[in-house]
Structures are given as C-alpha cells and as structure tokens.
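Because the structure is a prediction, the values reported are computed rather than measured.
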Amino acid sequence: LAALFAGGLRRREAVHLTLSDCMVTGSGVPYLRICMGKGNKYREVTLGDWASEALLALLLQRKADGARDKEPLFVWYYADGTPKAEGMDPKTFYRMFKSYLELVGLPPDFSPHSARASAVTQMKRQNIENRFIKQFTGHASDSMIDTYDKRENSIDTNPGHLLDYGFKQNKKRSTLS
C-alpha cells in the first residue's frame, strides 16, 4: 500500500519493481527507479518517511529470504512463509491490495488506481505544480493530472462568488430572494 499511495505507482509499475529499483541518494533520500511502459523510460520517485520505512522493511525481508538485486520486490508467500520465486502478476497484486485495505480500515471500493489518484489529489492540495506532479506520476499532460485530482468544490471554494461583471451592488440586499 505504501508504494502505491506514496509513490503514485501504476499496478504494472509496482509488480515490475526489483530490489535494485529501491535506491538511496548520497544524501540519504530514498527513492524508487520506476520503469515506465512506453519505451522503457525511467522516472525516479522519492518517498516520504512513512513509506520509506515500510519499503525498507519489505526490502530487508526479501533479502532475508535470499532474494537477489534483480528479483521482484513484491512476491506472494506460500502458507509456510516461503516466497514464490517469481513476482506477482497485476491480478495477484490487485487481490493482495484489496486484502490489505480491509486490514488497515480503508473502504473496500478503493483500488490501486484510487491510490494513484489519492497521491495526485494530495499533491494538488499541497499546491504542488502540475509539472512536478507529471514528473512524479509519468503523465504527459495537465489534463491527465486534472482527471486524477479528486478534490471536490464546496460552497466556500466554488469560484462563482469571484465572477464580477462590473454591475453595481445593492448593499441593502442580504439574501438571494
């Protein structure tokens, strides 16, 4: 869950992560090297502390399992605790995601794609520019960022009150009747 919510990853990107895709800069900033589908381009996604801790725990577990650098980060475990040698396919990852939702108390209608939209929405709430969000998510256009932004207008944030046609206002009027 941490990789999807904090990294804004696509399911396909998550299942293709390997141990060697988990990196740390010289100054100690953890990040993921994400291979995007189109032309095998890469983008680098930094993670917040809470997500970095979760991924570090997973990375340490995988290394304790004997996994090597080019092996998948996300694997399915047998009932006896032994990891499957191959990584997960997107459908298995989806099922795992859904089972974790229940464990952490998130709504059952959430999907991995909802986590991606949540990352974009949170960035928009924090007034992060679209150009940085596009770099983070791998989107090419502002319109895609706008599609992922799930903030809702409220009466207080609705732009209608900003319209000004230059009409004289009647100061006595206090209702919309």
Side-chain angles (χ1 to χ4, degrees), residues 1-56 58-59 72-74 87-165:
L1 291 176
L4 295 176
F5 279 99
L9 305 182
R10 295 173 180 95
R11 209 178 351 163
R12 178 179 36 81
E13 293 169 341
V15 299
H16 286 105
L17 282 174
T18 65
L19 275 65
S20 62
D21 292 325
C22 301
M23 306 174 120
V24 178
T25 66
S27 61
V29 176
Y31 68 98
L32 296 173
R33 186 169 184 249
I34 309 296
C35 179
M36 300 178 344
K38 300 170 185 168
N40 285 332
K41 297 178 194 168
Y42 287 89
R43 73 177 193 279
E44 295 168 340
V45 175
T46 58
L47 301 171
D49 290 342
W50 63 276
S52 297
E53 290 171 13
L55 281 174
L56 177 60
L58 176 59
L59 187 61
L73 179 62
F74 295 105
M88 286 187 208
D89 61 66
K91 286 181 182 178
T92 303
F93 189 86
Y94 181 86
R95 286 193 302 272
M96 182 188 73
F97 178 89
K98 290 300 233 178
S99 68
Y100 284 144
L101 287 178
E102 188 176 333
L103 289 173
V104 298
L106 287 172
D109 60 339
F110 255 58
S111 69
H113 211 72
S114 301
R116 185 167 164 77
S118 294
V120 170
T121 300
Q122 190 61 23
M123 288 180 169
K124 294 295 283 183
R125 278 191 188 116
Q126 295 172 2
N127 297 316
I128 295 173
E129 294 179 36
N130 277 5
R131 65 187 174 121
F132 297 121
I133 298 173
K134 287 190 302 191
Q135 183 180 11
F136 179 82
T137 61
H139 285 117
S141 70
D142 286 348
S143 64
M144 283 307 298
I145 298 301
D146 293 340
T147 300
Y148 278 69
D149 182 7
K150 300 303 179 194
R151 293 175 297 171
E152 295 192 19
N153 270 341
S154 68
I155 295 299
D156 292 330
T157 61
N158 189 294
H161 73 280
L162 301 173
L163 287 173
D164 182 7
Y165 291 101

Could you go through L1 and L4, starting from their C-alpha distance and side-chain angles, then the distance that decides it, and tell me whether this counts as side-chain contact (heavy atoms from CB on, under 4.5 Å)?
CA-CA 5 Å; L1 291 176; L4 295 176; 5.6 Å; no
Classify the angle between the aromatic ring planes of F97 and F5 as parallel (below 30°), tilted (30 to 60°) or perpendicular (above 60°).
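Parallel.
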How long is the straight-line distance from [atom2] of [Y] back to [atom1] of [X], given to the nearest 0.5 Å?
X    : Y    : atom1 : atom2 : value
S143 : I145 : OG    : CD1   : 9.0 Å
L56  : S52  : CG    : OG    : 8.5 Å
K41  : C35  : NZ    : SG    : 11.0 Å
M144 : N130 : CE    : CG    : 12.0 Å
M96  : F93  : CE    : CZ    : 4.5 Å
T137 : M123 : OG1   : CE    : 8.0 Å

Taking it one step at a time, do T46 and T25 satisfy side-chain contact (heavy atoms from CB on, under 4.5 Å)?
CA-CA 10 Å; T46 58; T25 66; over 6 Å; no
Taking salt bridge (charged side-chain N to carboxylate O under 4.0 Å, His left out) as the cut-off, I'd like each qualifying pair that reaches into residues 121-136, sequence neighbours left out, listed once.
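Every pair satisfying salt bridge (charged side-chain N to carboxylate O under 4.0 Å, His left out) with a residue in residues 121-136: E129-R131, K134-D142.
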Flag yes if more than 12 heavy atoms outside [X] fall under 6.0 Å of its [atom1] atom; otherwise flag no.
X    : atom1 : value
Q126 : CD    : yes
D49  : CG    : no
E44  : CD    : yes

Donor-acceptor contact below 3.5 Å, side chain S114 vs main chain S111:
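Yes.
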I need the single residue from E13, R10, R11, K98 that forms a side chain to side chain contact (heavy atoms under 4.5 Å, CB included) with P112. Which is it?
R11
F136: which of I128, I34, V45 passes side chain to side chain contact (heavy atoms under 4.5 Å, CB included):
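The single option meeting the side chain to side chain contact (heavy atoms under 4.5 Å, CB included) with F136 is V45.
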Quick check: do [X] and [Y] have side-chain heavy atoms less than 4.5 Å from each other?
X   : Y   : answer
L17 : L32 : yes
L58 : F74 : yes
C22 : L73 : yes
D89 : V15 : no

Taking all heavy atoms of D149 and all of V120, pick out the closest pair and write down the distance.
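Closest approach of D149 to V120: N-CG1, 4.2 Å.
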Of all heavy-atom pairs linking A54 and A2, the shortest is CB-CB, 3.8 Å
